[in-house]
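Right, one structure below, let's go through it.
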Amino acid sequence: MTLDTVKHATETPEAAQPWKELGLKEDEYARIREILGRRPTGAELAMYSVMWSEHCSYKSSKVHLKQFGEKVPENDAMLVGIGENAGVVDVGQGYAVTFKVESHNHPSYIEPYQGAATGVGGIVRDILAMGARPVAVVDPLRFGAADHPDTKRVLPGVVAGIGGYGNCLGLPNIGGEVVFDPCYQGNPLVNAGCIGVMKHEDIHLAKASGPGNKVILYGARTGGDGIGGVSVLASETFDSTGPSRRPAVQVGDPFQEKLLIECTLEIFRENLVAGIQDLGGAGLSCATSELASAGSGGMRVELDTVPLRDSSLSPEEILMSESQERMCAIVEPDKVGRFLEICEKWDVIATVIGEVTDGERLEIFWHGEQIVDVPPRTVAHEGPVYHRPYERPSWQDALQADDAGALPRPATAEALRDQVLQVVASPNQASKAWITDQYDRFVQGNTVLAQPEDAGMVRVDEETNLGVAMATDGNGRYAKLDPYAGAQLALAESYRNVAASGAKPLAISNCLNFGSPEDPAVMWQFAEATRGLADGCLALGTPVTGGNVSLYNQTGETAIHPTPVVAVLGVIDDVTRRTPIAFTEEGQLLYLLGDTREEFGGSAWAQVVHDHLGGLPPKVDLERERLLAEILISASRDGMIDAAHDLSDGGLIQAVVESCLRGGTGARLVVPEALATDGSATGDAFTFLFSESAGRAVVAVPRSEELRFTDMCAARGLPATRIGVVDGDAVEVQGQFSLGLDELRAAHTETIPALFG
Amino acid sequence: MARVVVDVMLKPEILDPQGQAVQRALPRLGFQGISDVRQGKRFELEVDGPVDDAALARIHEMAETFLANTVIEDFVVKVEDSTVGAQK
Amino acid sequence: MARVVVDVMLKPEILDPQGQAVQRALPRLGFQGISDVRQGKRFELEVDGPVDDAALARIHEMAETFLANTVIEDFVVKVEDSTVGAQK
Amino acid sequence: MTALPSPATTLDGGPSGRGNIRIGVVTFPGTLDDRDTQRAVRLAGAEPVELWHRDKDLKQVDAVVLPGGFSYGDYLRAGAISRFSPVMESVIDQAGAGMPVLGICNGFQLLTEAHLLPGAMLRNNHLHFICRDQKLRVETDRTAWTADYAVGQEISIPLKNIDGRYVADERTLDMLEAEGRVVFRYLDMNPNGSLRDIAGITNEAGNVVGLMPHPEHAVEPLVGTGRTDGLGFFTSILKKLVDAR
Ligand SMILES: Nc1ncnc2c1ncn2[C@@H]1O[C@H](COP(=O)(O)OP(=O)(O)O)[C@@H](O)[C@H]1O
Ligand SMILES: [Mg+2]
């Protein structure tokens with residue numbers, strides 16, 4: 001086979017090219033020819049096709065994501081915004097934190113263990129590339145029905161993969177979610193997030209500047225696995241039939257990644273890099289074009305110097321390979337020696353593959369012959385942008401009209417008791433300990449809070465006890481009923497979870513999981529959700545620092561529920577002031593903060609008891625969320641509360657049961673006379689226990705602090721209703737029922753092991 | 001009763017971190033001259049009844065759908081008489 | 001270049017939960033008639049140069065000191081020509 | 001709970017004091033809990049010394065800890081590859097000469113692979129990684145690392161591993177029991193199928209101890225499980241080494 005050089009391409013303008021097979025549209029191919037003024041070479045075509053794929057170019061989502069950059073709240077914490085590998089926020093005392101969530105949905109369905117494992121690997125490299133030491137991971141997960149046979153294949157593999165990779169890297173897993181819904185049957189959502197910590201001066205950016213600087217590829221050798229895998233796979237409707245549509249999945253090597261982390265941190269410590277980029281989707285195509293595009297000059301790469309695992313790889317394949325555990329650094333010539341020495345120390349292969357030029361082109365050579373000559377921006381940043389048509393689906397009105405409030409409610413105290421047990425034991429509400437116990441949450445010795453707390457929390461500084469917290473939340477059922485509100489509810493819940501732990505929410509990342517953008521109904525969901533999230537962030541003062549979009553999560557015509565997942569990062573000056581969820585001290589008073597209304601649309605109760613999804617999701621009141629958060633943070637700082645648990649799916653009773661089980665104590669609850677300050681709901685036990693009104697939390701107040709606490713709530717205008725006391729070894733709702741802790745514990749903890757153990 | 005062995009190996013183009021770690025260690029241990037190591041799995045199945053074509057076909061199917069993930073792995077089914085452990 | 005295979009299996013008296021988990025899953029997947037499953041490791045070594053007695057002796061030593069932990073495992077060394085993946 | 005000297009009552013001055021007790025902590029490629037172990041050593045009042053797998057030089061430390069993690073990814077078998085590191089030659093030598101050595105988790109696996117301790121570690125019987133606050137019973141206080149505990153004392157420290165099932169043949173197990181060399185046993189539940197609920201053992205001389213759970217993750221009330229039951233390992237060795245001077 002002759003090498004398709006730039007010269008050859010110029011001489012053979014009419015040669016047929018496989019642009020269609022590479023996922024390009026006709027007009028996109030024409031555009032490439034226009035940019036280059038000739039047909040692209042095979043290598044150029046490979047680069048454009050992966051970089052212009054949905055996964056890498058965000059071509060369908062870009063016009064909507066813009067809002068995150070436009071509706072930016074006043075926030076001095078933001079140090080690096082959207083566009084870099086991950087955003088960076090200031091957490092005080094000279095520290096900065098970078099964090100991000102990414103999806104690895106499609107590969108995890110094909111090969112659950114490796115798909116999930118490499119998902120963790122990818123996000124950790126993103127964080128590392130910012131200059132930070134990764135300090136924790138989180139994993140929001142969604143699967144098909146818990147009792148579906150295929151879920152038995154997917155879930156254990158995904159969990160083992162996340163654990164297998166993260167545990168081996170020495171990163172504590174401090175949070176996440178596990179949600180089951182038939183809508184994810186053929187499209188499980190495997191999102192992974194990572195938090196990294198650095199000093200302000202250590203922030204590194206992905207840009208190649210300074211002519212003469214060397215381009216060093218280091219880490220694993222490049223192999224033939226996953227060629228175009230992630231990008232192409234994540235850019236198509238997934239169809240499991242034809243084996244030819246099954247691109248190779250990569251196998252991760254967490255040991256190599258651990259070496260890469262330590263090696264890279266040592267390189268940072270000695271200040272040896274001018275720019276750095278991880279290799280993820282689209283591999284070298286992405287790293288070289290992005291580095292060059294963000295820098296001032298051009299770049300020249302000798303592709304035949306790339307260390308290979310398989311010597312028969314073609315240049316196109318090398319450019320597209322998504323082999324894991326690789327990084328690319330820009331290094332001044334006089335620092336190359338030391339750079340390579342550190343790599344040698346850590347047994348990491350490192351190779352100078354090129355250099356920054358004073359030109360404007362990205363030029364790639366293969367044994368001396370030029371095979372790529374492109375303006376890097378056109379590859380990395382000037383991909384196609386689609387204004388996809390969107391339209392509110394015709395079924396949305398009927399769905400919203402199907403009010404969950406009309407569902408039959410338990411008629412007797414006995415029935416209410418049964419339904420409480422049912423909800424607490426349902427796969428979505430049950431304890432996830434069987435899963436999270438497969439994750440190391442202690443490693444690094446800084447974990448202050450981890451599962452099943454509202455937020456994960458790690459200590460950042462051993463001297464001052466500065467810490468950061470993170471929670472991730474998303475509720476596809478709410479978002480299906482109303483994607484605008486659903487996105488805000490995800491934000492609000494995550495924000496509330498962080499505040500409940502005592503930390504101040506600072507900024508967010510997101511992972512937007514949706515169906516096919518070619519479906520106007522899905523595109524409408526996407527448009528609504530992004531608008532809701534951007535508006536919500538503005539209202540809460542928490543900027544979006546970055547995120548990830550995963551589209552084409554659908555089987556045939558059926559899309560998953562729109563599932564925006566939001567990760568909120570918070571900061572706490574002194575982790576000794578954190579608030580756990582556990583009720584531990586008998587006699588402490590339980591207060592319900594916020595208003596409770598008759599809100600059952602999309603609720604856990606409607607799902608578990610009636611298998612119902614309809615109506616409207618709970619009303620969003622972001623001002624209220626903000627106030628609630630302020631109260632929770634002040635109360636924690638001033639030692640007024642000993643426990644706090646946010647209320648979300650499953651309502652008050654779910655939260656109380658979790659807090660009781662965690663602390664090993666019971667609670668006696670009294671149904672209050674009024675549930676909402678505006679008088680909209682009077683005190684009925686069912687609404688009290690199961691409503692999913694937003695903006696609420698339950699707290700345990702030592703008697704000595706009661707006055708101070710209620711005064712503070714009254715002064716700030718936050719409804720605080722005394723609903724009971726920590727006591728005994730049962731959860732008792734006065735006049736209704738009593739459920740022993742043992743019975744509750746069995747119901748709550750046995751479900752998941754029985755399904756997957 | 002007969003023994004059927006299913007060997008499952010990662011496809012050649014797929015990274016094999018375990019085999020690589022072993023190979024890299026060998027020279028340090030003083031073993032030269034091994035240019036590549038791949039590590040895979042060996043399943044020894046004790047089959048009730050005769051190992052005829054029907055039984056082998058079933059085991060082949062089992063290997064294809066369960067013992068191996070053919071997205072990343074290849075496998076071979078063999079009827080065997082020698083037992084690991086017999087030699088020493 | 002020749003290929004030498006080292007098969008490593010847990011000693012019969014050592015509990016093999018991996019093999020057991022496979023065996024337990026089989027009936028659920030509709031595979032009957034497998035009375036026992038043991039899971040072990042298969043190493044494929046590419047040897048530079050001739051695989052003579054000296055080379056085999058070295059590989060035997062490598063297996064004994066490194067590839068297997070003989071406190072818990074047995075091993076067999078075989079010279080092989082067939083490759084996993086050749087059959088399908 | 002455990003009556004342990006708090007870090008405030010350190011025995012021989014801080015890290016900068018004269019005559020520091022120096023405890024080496026080895027880092028192999030893939031080691032994870034080295035920094036945590038150094039922190040625990042420091043909190044107990046000794047001076048942590050970083051040791052590197054490629055160096056035979058033990059930098060004149062008084063004792064060595066082989067920390068947890070996944071050295072070489074635990075590929076092949078846990079500890080099987082790191083066992084052949086240059087540093088291990090010296091550790092094996094010195095252990096033979098009586099230097100105290102503690103292997104935690106991956107370190108324990110390494111000690112069995114290096115035959116400094118009998119038996120072997122296998123995949124957990126349930127095949128999953130398990131991370132939990134694990135209750136243990138201290139079976140002997142006659143090792144270099146457990147003198148600060150009382151026989152029969154119950155402690156809780158984090159357990160986190162996937163290859164934690166201790167096995168040995170019956171003869172070896174009987175010998176360990178007879179010689180009082182089982183140092184810790186799992187209580188309430190056996191988390192991995194270890195024979196005779198064994199969580200940790202020692203060599204004949206009592207200077208080499210290996211255990212699966214992680215004492216270094218139970219040295220501060222704030223983080224981890226919020227208990228300090230693990231600090232006794234580090235204070236035990238410190239006291240012993242101070243007394244020996
Ligand atoms: N996949 C997971 N990985 C890690 N932690 C998880 C995972 N799933 C759930 N958790 C943890 O379990 C606890 C309960 O989860 P969830 O009910 O979703 O919390 P909430 O309703 O407060 O958002 C939280 O601490 C959460 O972080
Ligand atoms: Mg919560």
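Naming: A, B, ... by sequence-line order, numbering from 1 per chain.
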Exercise. Highest number of heavy-atom pairs under 4.5 Å with chain D: which of A/N167, A/L169, A/L449?
Worked result: A/N167

Problem set entry | Which portion of D/T31 sits near chain A, non-hydrogen atoms under 4.5 angstrom | backbone

Seminar exercise, completed: Heaviest contributor of heavy-atom pairs below 4.5 Å to chain D, chosen from A/Q256, A/E257, A/R459, A/M457, is A/R459

Exercise. Is the A/F255 to D/F28 ring centre distance short of 6.0 Å?
Worked result: no

Seminar exercise, completed: Honestly, the part of D/E216 sitting under 4.5 Å from a heavy atom of chain A is neither

Problem set entry | Ring centers of D/Y75, D/F70 separated by less than 6.0 Å | no

Problem set entry | Contacting region of A/N465 [heavy-atom separation from chain D under 4.5 Å] | side chain

For this session: Would you mind checking if A/D202 and A/R269 are paired as a salt bridge, meaning a charged N to carboxylate O distance below 4.0 Å?
Result: no

Exercise. Given side chains that start at C-beta, do those of D/L43 and D/R39 come closer than 4.5 Å, heavy atoms only?
Worked result: yes

For this session: Heavy atoms only: give me the nearest A/A132-A/F268 pair and the separation to one decimal.
Result: N-CE1, 4.4 Å

